[in-house]
Amino acid sequence: MAQPIELQPQAITVQELAAINSRQVPERYIREGVGALDASFPVLDVPTIDLQLLASSSSTSGDELDKLRSALSSYGCIQAINHGITSAFLDKLQEVARQFFALPSEEKKKYSREIGSIEGYGNDMILSEDQILDWTDRLYLILRPEDKQTLKFWPENPESFRGILNDYSTKLHVILEVLLKAMARSLNLDENQFLQQYGDQATMQARFNFYPICPRPDQVLGVKPHADGSVITMLLQDKEVEGLQVLKDDQWFNVPIIPQALLINVGDQAEIMSNGIFKSPVHRVVTNSERERITVAVFCIPHPDQEIQPVEELINETHPRLYKKVKDYVSLYFQYYQQGRRPMEAALI
């Protein structure tokens, strides 16, 4: 597939659009059959996993490993508690995100992404004239390795933004290692199997999402349906406003908020590594006619040169190999994503 060419980015952000006209939505954001976030959607009972138990060698950790395997096979996601990050720190992270999006437009636009790039502030890439747009503004930053950070996109206002985000990436790296080791142990593999494929040159990328109030939540999505191209994604939800939905058994479910929990989901590359045992869930974000919403997603992604493939021990006569060996999956991912297709199609044998 040829490298896509981005059209001229939107000159105006969604936040500005919402401020100009609080009653109408431009045609380019309208989708059919969305359905607003209301009582018509059932709630997904996402399993809660205690990360301290996963990290321990006590007898109770075995039960938690079984629960982890079941959750990632059935739902593809967990609500992670006892993850070692204090409530006060998470509150600070949410506050600096809120402060950034509350800045005047000209201040935020100092960090605008450049055409053809995902890093920086603004809208997602626009690859065709008929692409339906998402009702969100975002700030996308590479966190790790530190020498890959592009600091011209890192806000200097609020002053504490950079320090807090660097601290957050360090804390998440610890959680990621615990999780990948536990995922391997839950499948009776050597605990380093997934970590080795993830590699020591992997990147961690943050996406701060701002979803303005939307007058037509029945017709407009904050983010279109997709599964993540990562190995693991860690989401800090808005403390008060729901909006995330997961597709399970061909039905959309609301994902509830558990204060101070991290919602962690399997990405496509972990599904490939597990030979399809762990499921990368399709999800979307719905909009809200009364309240804005802010979330922080962090994607854990192998280096583009790192080869990802099903672990050999998970391939046998009853469970044949499902996926090819892949490299630079994320480049493929963004091309498919903006077309509303799943890049996993290209990885299947």
### Task
Take Val326 and Glu307 through the test side chain to side chain contact (heavy atoms under 4.5 Å, CB included) and record every step on the way to the result.
CA-CA 6 Å; Val326 297; Glu307 286 188 331; over 6 Å; no

### Task
Evaluate the side chain to side chain donor-acceptor pair (under 3.5 Å) criterion for residues Ser70 and Ser73: first the C-alpha distance (whole Å), next the side-chain angles of each, then the deciding distance (0.1 Å), finally the verdict.
CA-CA 5 Å; Ser70 173; Ser73 304; over 6 Å; no

### Query
So if you build clusters from Ile, Leu, Val, Met, Phe, Trp, Tyr with side-chain heavy-atom gaps below 4.5 Å, do Leu172 and Leu90 land together?
yes

### Message
Between Asp238 and Arg293, does any NZ, NE, NH1 or NH2 come within less than 4.0 Å of an OD or OE carboxylate oxygen?
### Response
no

### Query
Which residues satisfy the side chain to side chain donor-acceptor pair (under 3.5 Å) test with Asp50, sequence neighbours excluded?
Asn82

### Task
Answer yes if the ring centres of Tyr121 and Phe210 are under 6.0 angstrom apart, and no otherwise.
no

### Message
Going by side chain to side chain donor-acceptor pair (under 3.5 Å), Gln309 matches just one of Gln269, Arg321, Lys327. Which one?
### Response
Arg321

Only distances under 3.5 Å count here; give the side-chain donor-acceptor pairs of residues 296-306 to other protein atoms, sequence neighbours excluded, each with its distance to 0.1 Å.
residue, atom, partner, partner atom, Å
His303, ND1, Asp305, N, 3.0
Gln306, NE2, Gln196, O, 3.3
Gln306, NE2, Gln197, O, 2.9

#### Entry: Verdict with supporting geometry, Ile49 and Lys67, side chain to side chain contact (heavy atoms under 4.5 Å, CB included)
CA-CA 8 Å; Ile49 299 289; Lys67 198 170 153 189; 3.7 Å; yes

### Query
Any side-chain heavy atom of Met125 sitting closer than 4.5 Å to one from Ile118?
yes

### Query
Is there any ring pair (Phe, Tyr, Trp, His ring centres under 6.0 Å) pair reaching into residues 243-297, and which pairs are they, with sequence neighbours excluded?
His226-His283

### Task
Please say whether the positively charged group of Lys171, taken as NZ for Lys or CZ for Arg, lies over the ring of Phe89, i.e. under 6.0 angstrom from the six-membered ring centre and within 45 degrees of the axis.
yes

### Query
Donor-acceptor pair, Arg28 side chain versus Glu129 backbone, under 3.5 Å?
yes

### Task
Give the intermediate values and the outcome of side chain to side chain contact (heavy atoms under 4.5 Å, CB included) for residues Leu180 and Val231.
CA-CA 9 Å; Leu180 288 178; Val231 167; 3.9 Å; yes

### Lys92 side chain to Ser160 backbone, donor-acceptor under 3.5 Å
no

### Task
Scan for salt bridge (charged side-chain N to carboxylate O under 4.0 Å, His left out) pairs involving residues 248-276, sequence neighbours excluded, and state none if there are none.
Asp268-Arg342

### Task
Return the set of residues passing side chain to side chain donor-acceptor pair (under 3.5 Å) with Gln193 (not counting sequence neighbours), or none when no residue passes.
Glu313

### Query
Side chains of Asn166 and Gln149: donor-acceptor distance under 3.5 Å anywhere?
yes

#### Entry: Which atom of Pro212 lies closest to which atom of Val14, heavy atoms considered
CG-CG1, 3.7 Å

### Message
Closer than 3.5 angstrom, by distance alone: can the side chain of His83 be matched with the main-chain N or O of Gln260 as a donor-acceptor pair?
### Response
yes

### Task
Mind listing the closest non-hydrogen atom pair of Ser112 and Phe153 along with its distance?
O-CE2, 3.3 Å

### Query
So if you build clusters from Ile, Leu, Val, Met, Phe, Trp, Tyr with side-chain heavy-atom gaps below 4.5 Å, do Ile132 and Ile12 land together?
no

### Task
Check whether any side-chain N or O of Ser128 sits under 3.5 Å from a backbone N or O of Gln131 as a donor-acceptor pair, and report yes or no.
yes

### Summary
Trp135 and Val220 have their tightest heavy-atom pair at CB-CG1, 3.5 Å

### Query
Hey, does the side chain of Gln237 reach the backbone of Pro256 with a donor-acceptor pair shorter than 3.5 angstrom?
yes

## Note on the structure
Heavy-atom nearest pair, Leu165 first then Trp154, reads CD2-CZ3, 3.7 Å

### Query
Can you pull the salt bridge (charged side-chain N to carboxylate O under 4.0 Å, His left out) pairs that have at least one residue in residues 144-157, sequence neighbours excluded?
Glu114-Lys152

### Task
Indicate yes or no for a side-chain donor-acceptor contact from Asp134 to the backbone of Thr136 under 3.5 Å, with no hydrogens or angles considered.
no

### Task
Locate the shortest heavy-atom distance separating Asn123 from Thr13; write the atom from each residue and the value.
ND2-CA, 4.1 Å

### Task
Keeping the roles fixed (side chain from Arg162, backbone from Leu151), state whether a donor-acceptor pair exists under 3.5 Å.
yes

### Exam field: side chain Glu292 to backbone Gln15, donor-acceptor pair closer than 3.5 Å
no

### Message
With a 4.0 Å cut-off on N to O distance, would you call Glu119 and Arg113 a salt bridge?
### Response
no

### Task
Start with the C-alpha distance between Tyr111 and Phe100, add both sets of side-chain angles, then the distance that settles side chain to side chain contact (heavy atoms under 4.5 Å, CB included), and finish with yes or no.
CA-CA 11 Å; Tyr111 308 103; Phe100 172 75; 3.9 Å; yes

### Task
Output yes when Glu95 and Lys239 qualify as a salt bridge under the 4.0 Å nitrogen-oxygen rule, no when they do not.
no

#### Entry: Arg185 side chain vs Leu54 backbone, donor-acceptor pair below 3.5 Å
yes

### Query
Does Asp228 pair with Arg207 as a salt bridge, N-O distance under 4.0 Å?
no

### Message
Can you give me the closest heavy-atom contact between Pro47 and Ala71, atom names plus distance?
### Response
CG-CB, 3.6 Å

### Query
Just by distance, do the side chain of Tyr75 and the backbone of Lys279 share a donor-acceptor pair under 3.5 Å?
no

